[in-house]
Amino acid sequence: MALNPALMKQDSAPLLAWHYTLGSHLLRILENGHILPHDQTDTPAVECPLVWFSLNQRYEPSAAKRLEVNGVAQPPTLEVMRQLGNGVYRLGVPPRSLLTGETLRKHARISKDRWQTLAQQAQACGAAISEWYGTIDPVPSSDCVIEVWQPDGSWARVASPQR
């Protein structure tokens with residue numbers, strides 16, 4: 001049986017969990033030296049802020065910033081986010097360094113009811129909660145692969161961790 005070299009190369013690349021963000025936020029991350037855990041406005045006070053990541057290798061739909069158009073909230077396209085947010089970026093780390101599922105829920109003190117609500121919101125926007133990873137700790141930006149979204153739909157590497 002002959003092996004396909006293209007498939008071998010693809011399989012040898014490490015799978016990364018991605019933190020998707022806008023260029024305007026990336027500047028703050030790089031200035032701080034960390035991706036900092038962040039609360040949403042509706043996050044209950046008992047929960048720990050999280051740094052969210054996704055195994056979605058194209059884009060995490062739940063990370064899309066909402067725009068209001070004619071009074072209706074809707075997710076913008078990646079192109080619109082690129083234009084309005086000074087680019088769309090992702091910071092990648094190995095998923096083994098993160099928490100997922102029930103372990104993530106418990107560490108962040110997210111109630112089962114709220115976790116279920118988050119899962120329903122994820123499904124509604126086309127995301128899969130099974131791809132979600134996270135941490136309650138800051139993530140050093142120097143440990144991250146950084147890529148920028150290109151208008152052709154591809155991702156271009158702009159930085160790799162110094163090893």
Side-chain angles (χ1 to χ4, degrees), residues 9-10 12-69 73-101 103-110 114 118 121-122 125-163:
K9 182 179 180 205
Q10 182 180 11
S12 66
L15 179 69
L16 296 175
W18 297 102
H19 176 82
Y20 291 91
T21 192
L22 299 175
S24 53
H25 298 270
L26 178 66
L27 294 175
R28 198 169 324 122
I29 290 168
L30 296 176
E31 286 172 357
N32 290 332
H34 293 84
I35 309 171
L36 299 174
H38 181 69
D39 276 334
Q40 298 299 322
T41 55
D42 64 342
T43 302
V46 298
E47 290 182 14
C48 296
L50 287 167
V51 178
W52 289 98
F53 288 84
S54 174
L55 289 183
N56 189 317
Q57 300 298 299
R58 185 186 167 286
Y59 184 72
E60 172 56 41
S62 65
K65 307 303 178 205
R66 302 286 184 229
L67 291 179
E68 193 168 302
V69 178
Q74 58 186 21
T77 64
L78 284 170
E79 178 57 27
V80 168
M81 286 185 4
R82 183 184 72 79
Q83 291 174 11
L84 297 178
N86 197 23
V88 177
Y89 290 82
R90 64 185 188 177
L91 294 90
V93 297
R96 69 181 175 278
S97 64
L98 304 169
L99 304 173
T100 190
T103 305
L104 176 61
R105 185 191 72 75
K106 287 179 180 178
H107 272 79
R109 299 192 310 250
I110 300 172
R114 181 154 156 79
L118 291 172
Q121 290 170 344
C125 71
I129 196 169
S130 62
E131 295 179 329
W132 289 358
Y133 282 69
T135 179
I136 60 174
D137 299 317
V139 176
S141 57
S142 60
D143 291 349
C144 298
V145 168
I146 303 174
E147 294 184 348
V148 62
W149 184 79
Q150 304 294 303
D152 69 2
S154 66
W155 291 92
R157 179 115 350 141
V158 294
S160 294
Q162 300 297 321
R163 301 281 180 217

Do you know which two heavy atoms are closest between [X] and [Y], and how far apart they sit?
{"X": "Q150", "Y": "A156", "answer": "NE2-CB, 3.6 Å"}
{"X": "P140", "Y": "P138", "answer": "CD-O, 3.8 Å"}
{"X": "P95", "Y": "L15", "answer": "CD-O, 3.2 Å"}
{"X": "L16", "Y": "P94", "answer": "CD2-N, 3.8 Å"}
{"X": "R105", "Y": "I110", "answer": "NH1-O, 2.6 Å"}
{"X": "L36", "Y": "V51", "answer": "C-CG2, 3.5 Å"}

From the options F53, Y89, Y133, W132, select the one residue that forms a ring pair (Phe, Tyr, Trp, His ring centres under 6.0 Å) with H19.
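Result: among F53, Y89, Y133, W132, F53 is the only option passing the ring pair (Phe, Tyr, Trp, His ring centres under 6.0 Å) with H19.
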
Steps toward side chain to side chain contact (heavy atoms under 4.5 Å, CB included) verdict (T21, I35)
CA-CA 10 Å; T21 192; I35 309 171; over 6 Å; no

Please work out which of the three classes, parallel, tilted or perpendicular, describes the rings of Y59 and W155, given edges at 30° and 60°.
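W155 vs Y59 ring planes: parallel.
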
[atom1]/[X] to [atom2]/[Y] distance, rounded to the nearest 0.5 angstrom?
{"X": "R28", "Y": "S141", "atom1": "CZ", "atom2": "OG", "value": "13.5 Å"}
{"X": "L98", "Y": "S54", "atom1": "CG", "atom2": "OG", "value": "11.0 Å"}
{"X": "L26", "Y": "R90", "atom1": "CG", "atom2": "CZ", "value": "13.5 Å"}
{"X": "I29", "Y": "H34", "atom1": "CD1", "atom2": "NE2", "value": "11.5 Å"}
{"X": "L91", "Y": "Y20", "atom1": "CG", "atom2": "OH", "value": "11.0 Å"}

With side chain to side chain contact (heavy atoms under 4.5 Å, CB included) as the criterion, how do V148 and V88 come out once you've worked through the C-alpha distance, each side chain's angles and the decisive distance to 0.1 Å?
CA-CA 6 Å; V148 62; V88 177; over 6 Å; no

Check the surroundings of atom NE2 in H107: do more than 12 heavy atoms from other residues, nucleotides or ligands lie under 6.0 Å from it?
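No, the 6.0 Å shell around NE2 holds no more than 12 heavy atoms from other groups.
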
Looking at R109 and E47, is there a salt bridge between them, counting it only when a charged N and a carboxylate O are closer than 4.0 Å?
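Salt bridge: no.
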
